[in-house]
Colleague: 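Structure incoming, see below.
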Amino acid sequence: MFSSRWRFGLDRYSEVDLFTDRYEADVETLSQAIRAAASEEPDADGSVLFGHLKGTVVGLRYYTGVVNQGEMVGLVRQPENPYDRNAVMVANIYGNQVGHIKRELAAAMAHVMDNNLAKVEGVVHSGTKNTFTMPVMLSFWGKEENKNAVIEGMARRGYKLNTGGSSATGINQKSSNSQGARAMSSKKGLTIPLTAQELKNAFDNLFDGLMESKDGEKEAAKSVGTPLLPHQKQALSWMCARENKSVLPPFWEKRGELYYNSLTCFSAKEIPERIRGGILADDMGLGKTLTTIALILTNFHNGKPLPVETFEERSSPIKAKTKPQEGSSAGDRAEVSNAAAGPQCSDIPQVEVICVNTTDVEEIVDSADVVEIVDKSDNSTSKGKKKANKRKPSKEAPVMLEDLDFAAALGGSAADTGLKKKKTAKKPGPTLSVESSVTESADDLSARTTLIICPLSVISNWLHQLEQHVRANVKLNVYLYYGSERNRSKAFLSSQDVVITTYNVLSADSGNKSPLHGINWLRVVLDEGHVVRNPNAQMSKAVLGLKAQRRWILSGTPIQNSVKDLWMLLAFLRLKPFDVREWWNRVIQRPVTQGDRAGLQNLQTLVKCITLRRTKSSKVNGRPLVSLPEKAVCVEQVELSQTEREEYELARNEGKNTIRKYVAEGTVLRNYADVLAILMRLRQHCCHPDLLAKTSSDLGAAATPAELRERLIDKLRLVLASGSDEECSVCLESVHLPVITHCAHVYCRPCIAQVINTEQETARCPLCRSEIKANELVEFPQEEMEEEKSTNSDKWRTSSKVQALMGNLLRLRCEDSSIKYLVVSQFTRFLSILEAPLREHGFSFVRLDGTMSQKKRTQVIQEFQSSAADSPAIMLLSLKAGGVGLNLTAASHVFLMDPAWNPATEEQCIDRCHRLGQTRKVVVTKFIVKDSVEENMVKIQRQKQDLVEKAFGSSNTERKTSRIDDIKALMEL
DNA sequence: ACCGCCGGGTGCC
DNA sequence: ACCGCCGGGTGCC
């Protein structure tokens with residue numbers, strides 16, 4: 001008795017948060033992430049194989065976890081094990097314990113694992129039926145510099161790693177007849193690794209060829225007021241199928257009674273949880289928002305439309321025309337589409353799928369599609385039914401269907417499952433084939449709400465599009481969960497049809513008592529889903545913690561830099577087993593980054609299964625999805641005036657000398673902030689002399705602490721104003737809450753604070769290794785922001801670039817006064833400078849920059865987009881403002897006042913007006929000052945683009961070296 | 001576990 | 001016999 005109780009305790013111990021704990025506390029610790037990111041070491045992907053070792057798993061009979069031939073197993077240190085502090089437990093892919101590593105071997109491994117010298121992975125090739133012990137093939141992976149320590153450490157304890165080059169393939173051959181071959185072959189197979197170029201191509205094309213949707217087209221529910229384009233109907237059809245059909249997730253197959261994963265060789269008795277959702281990765285402008293709105297309205301439970309309240313609105317002729325026709329849904333469909341409507345029109349499947357065990361109503365379906373509801377359990381559903389009837393007083397059959405569904409949705413819960421259903425009319429036999437039937441028995445049918453999470457800048461877009469695309473006579477309950485007055489009631493939120501919030505609000509709310517995390521959402525949609533790609537970020541954790549039946553990611557650019565970015569997306573979708581990082585790393589990420597063909601193939605398969613992506617240039621039935629007007633980009637060279645040129649050359653020579661000195665000393669990175677400041681000044685010279693803030697030119701020897709502080713703030717200001725999208729070297733994201741160290745490097749405050757906190761007295765600047773202290777971090781004083789705006793309004797002067805812009809505007813106004821313009825700069829102060837001549841020449845303009853509140857932005861955008869005669873002709877736009885998703889199609893001419901470091905930023909900006917809805921030809925004019933740093937920037941932009949695309953496998957080191965090279969090129973050194 | 005190991009019982013053949 | 005041998009109890013870490 002005693003022993004069994006005890007065992008139970010141990011099992012519990014080993015199963016609780018097995019991998020998450022381990023990752024949080026061990027492998028993915030912050031200090032390690034920092035080390036990987038900030039040190040010049042190859043990061044975790046760059047690990048090499050040290051060797052193999054055959055070990056023994058013991059204690060099988062005490063645990064329930066089973067493994068198959070060739071299945072990968074996880075090895076988890078258990079330092080708290082009361083019998084042996086060296087214990088290493090063995091677990092299968094679902095985290096169920098299988099056994100332990102034999103004591104002596106565990107002792108040797110514990111040393112290696114605890115000191116992070118190597119990561120040990122296991123694959124079981126035989127003996128999976130054994131009762132007591134079985135062999136396991138262990139492989140040791142780690143950084144090259146730890147290789148000898150690991151090999152020697154193991155040897156000292158009597159374990160000789162097999163480091164022979166052929167050992168891996170040897171194992172392969174041995175197990176090649178078993179299914180285990182696949183688990184191993186994705187490591188280092190017999191195949192020739194991909195070249196960097198092949199890898200790059202494969203990566204670029206990862207999301208290509210996903211546009212042929214096999215699901216045909218689907219009409220949106222009646223409540224969607226806007227007719228969908230063919231490709232949007234395809235997307236809707238695909239999304240509905242992804243939500244309704246129970247297709248096995250990728251790599252799973254049925255083998256007899258078991259479900260088997262061909263990649264990990266894991267098998268389970270239970271059907272693996274299907275992925276209800278996926279990634280809609282259509283290019284921006286193809287209507288992801290509209291398609292998602294259509295999904296919300298079209299695919300409620302059991303494939304039926306969302307039951308919504310409608311108003312009688314016969315007065316308006318337009319409304320009357322678009323109003324659903326009485327008693328017939330066919331006419332309605334015909335109106336929405338003139339394309340071949342497939343057999344999957346929205347109302348047809350309703351009848352078939354309505355019979356679900358979980359409803360506590362008795363229903364009768366007859367051949368004429370008339371449904372009668374008999375409420376059997378007065379208490380639980382009468383309320384729901386009454387409410388449903390109130391929602392839609394009409395008496396048409398489809399309405400009753402919806403009512404039934406709604407009643408079921410309200411009353412149906414896990415507690416009511418015992419009640420029976422009855423079908424009296426034609427039942428198309430036992431149609432429940434595993435592949436196609438809707439099996440929602442495990443669902444919570446009371447879930448109603450779709451939660452949409454998006455960046456702040458696109459909230460207005462959602463609200464606008466909902467208003468625009470949902471039929472005016474339909475009452476859709478949409479709640480914007482934002483602002484301090486937001487309603488946090490779970491009951492309230494879960495009674496809505498749609499709740500919209502931002503990543504920041506979600507992340508701020510998360511933790512205890514988060515209403516968003518307490519609700520079982522019908523659906524969670526991550527808009528611009530690529531914004532959560534750093535798994536360590538609070539936002540990502542907040543997103544992963546949401547409870548939902550269906551999960552969607554909308555993103556025009558699902559991969560920003562590397563395969564790594566995909567993990568977060570798969571984890572959000574809960575694509576097992578890859579939601580656990582270890583399996584993702586072992587099965588996909590490492591093989592792919594090492595150029596393994598099978599690994600890449602697997603990744604492609606994976607992505608293909610869950611993604612739909614069409615680009616602007618994709619075609620449906622040979623015709624382009626959308627036709628965008630032409631776009632012409634021209635560069636206009638600007639000559640500096642003689643005075644400007646003299647000032648510029650002076651600054652350039654000074655800067656050149658300084659940088660030359662740094663290059664000679666090899667201290668470019670250490671003085672990076674200074675270098676950026678020099679470049680910044682030159683770029684400002686190119687635009688307008690007044691952009692050059694009064695700054696002390698050299699950090700040099702600061703006499704007093706106050707002076708040092710002053711200079712640091714100056715530098716920080718320059719770095720931030722540079723628009724270079726300076727990244728924090730700790731988190732590798734754009735700096736957030738910037739602070740500058742005494743060694744003049746800029747980081748996010750939380751990031752650098754963590755470094756200091758972790759390393760305490762020994763804390764060093766990740767970039768230059770100077771000592772840093774928490775109380776020496778300097779941040780931007782608040783009042784500076786305000787002060788800046790009022791500095792140079794007294795006496796205004798022009799510049800060559802200002803002249804160039806004005807010349808263009810005046811000329812174009814004569815040619816066509818109806819054109820609207822975007823005038824884009826990275827320097828908000830340059831935008832301010834431009835206001836004066838615009839006013840002087842009678843141009844009406846609005847301004848949009850990052851400092852504006854959301855409310856103000858929306859207002860400005862509306863004003864600009866308006867077609868009213870007195871609407872502004874020009875928008876002064878700061879390059880980084882708004883981010884993606886802004887719709888500025890009123891403009892058809894873009895002036896890029898100064899080149900950006902990142903050409904993608906410029907492209908994005910241009911796409912704000914060159915997108916769906918643009919009717920005119922789009923002209924882009926880029927102003928570049930001749931013989932200046934700007935010209936060099938443009939040259940580097942091209943190379944950089946290549947570099948960014950190659951980002952695959954580009955380590956931190958490479959990135960930094962390239963930065964130094966960039967600087968040299970810019971300064972012509 | 002159809003093992004190995006431990007430790008008690010036992011003791012020429 | 002401070003041994004060897006036998007056979008029962010026992011068994012991950």
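Lettering of chains follows the sequences in order, A, B, ..., and the numbering in each one begins at 1. As the structure is a prediction and not an experimental result, all values here were calculated from the model.
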Colleague: Hey, does the Lys NZ or Arg CZ of A:Arg255 hover above the aromatic six-ring of A:Tyr260, less than 6.0 Å from the centre and inside 45° of the axis?
Modeller: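 Cation-pi check for A:Arg255 and A:Tyr260: passes.
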Colleague: Which label fits A:Tyr94 and A:Phe266: parallel for a plane angle under 30°, tilted from 30 to 60°, or perpendicular past 60°?
Modeller: tilted
Colleague: For A:Leu60 and B:dC3, give me the distance from atom CG to atom P, rounded to whole Å.
Modeller: 19 Å
Colleague: Any N or O donor-acceptor pair linking the side chain of A:Asp84 to the base of C:dC13 at under 3.5 Å?
Modeller: no
Colleague: Distance alone, cut at 3.5 Å: any donor-acceptor contact between the side chains of A:Ser267 and A:Asn68?
Modeller: yes
Colleague: Would you kindly give the NZ-to-C1' distance between A:Lys102 and B:dC3, to the nearest whole Å?
Modeller: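 So the two atoms are 12 Å apart, to the nearest Å.
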Colleague: Does any part of the side chain of A:Trp141, heavy atoms only, come nearer than 4.5 Å to the side chain of A:Val120, both counted from C-beta?
Modeller: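 No, too far: nothing below the 4.5 Å cut-off.
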Colleague: Would you call A:Arg156-A:Glu152 a salt bridge at under 4.0 Å N-O?
Modeller: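 Salt bridge flag = no for A:Glu152 with A:Arg156.
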Colleague: Pairing check on C:dC2: which nucleotide meets the Watson-Crick or G-U wobble criteria with it, both distances under 3.5 Å?
Modeller: none
Colleague: How far does the C1' atom of C:dC6 sit from the matching atom of C:dA1, given to the nearest Å?
Modeller: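 It works out to 15 Å between them.
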Colleague: In whole Å, measure the gap between the C1' atoms of B:dC3 and C:dC12 for me.
Modeller: 16 Å
Colleague: Write down the distance between CG (A:Asn130) and P (B:dA1), rounded to a whole number of angstrom.
Modeller: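 Whole-Å distance recorded here is 9 Å.
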Colleague: Measure from CG on A:Leu75 to C1' on C:dC12 and round the result to the nearest Å.
Modeller: 15 Å
Colleague: Under 4.0 Å: is that the gap between some side-chain N or O of A:Arg103 and OP1 or OP2 of C:dC12?
Modeller: no
Colleague: Nearest whole Å is fine: how far is C:dC12 P from A:His100 NE2?
Modeller: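 For the pair A:His100 NE2 and C:dC12 P, the rounded distance is 11 Å.
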Colleague: Can you measure A:Arg61 atom CZ to C:dC13 atom C1' for me and round it to whole angstrom units?
Modeller: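 Rounded to the whole Å, the gap is 13 Å.
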Colleague: Among the candidates B:dA1, C:dC13, C:dG11, find the nucleotide nearest to the side-chain atoms of A:Phe132.
Modeller: B:dA1
Colleague: Is A:Tyr63 side chain donor-acceptor paired with the C:dC12 base, going by distance under 3.5 Å alone?
Modeller: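 Yes.
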Colleague: Please give, in whole Å, the distance from C:dC12 C1' to A:Met109 CE?
Modeller: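 It is 14 Å, rounded to the nearest whole Å.
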Colleague: Once you apply a heavy-atom cut-off of 4.0 Å, does A:Ile101 come out as touching a base, just sugar-phosphate, or nothing?
Modeller: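 Sugar-phosphate contact only.
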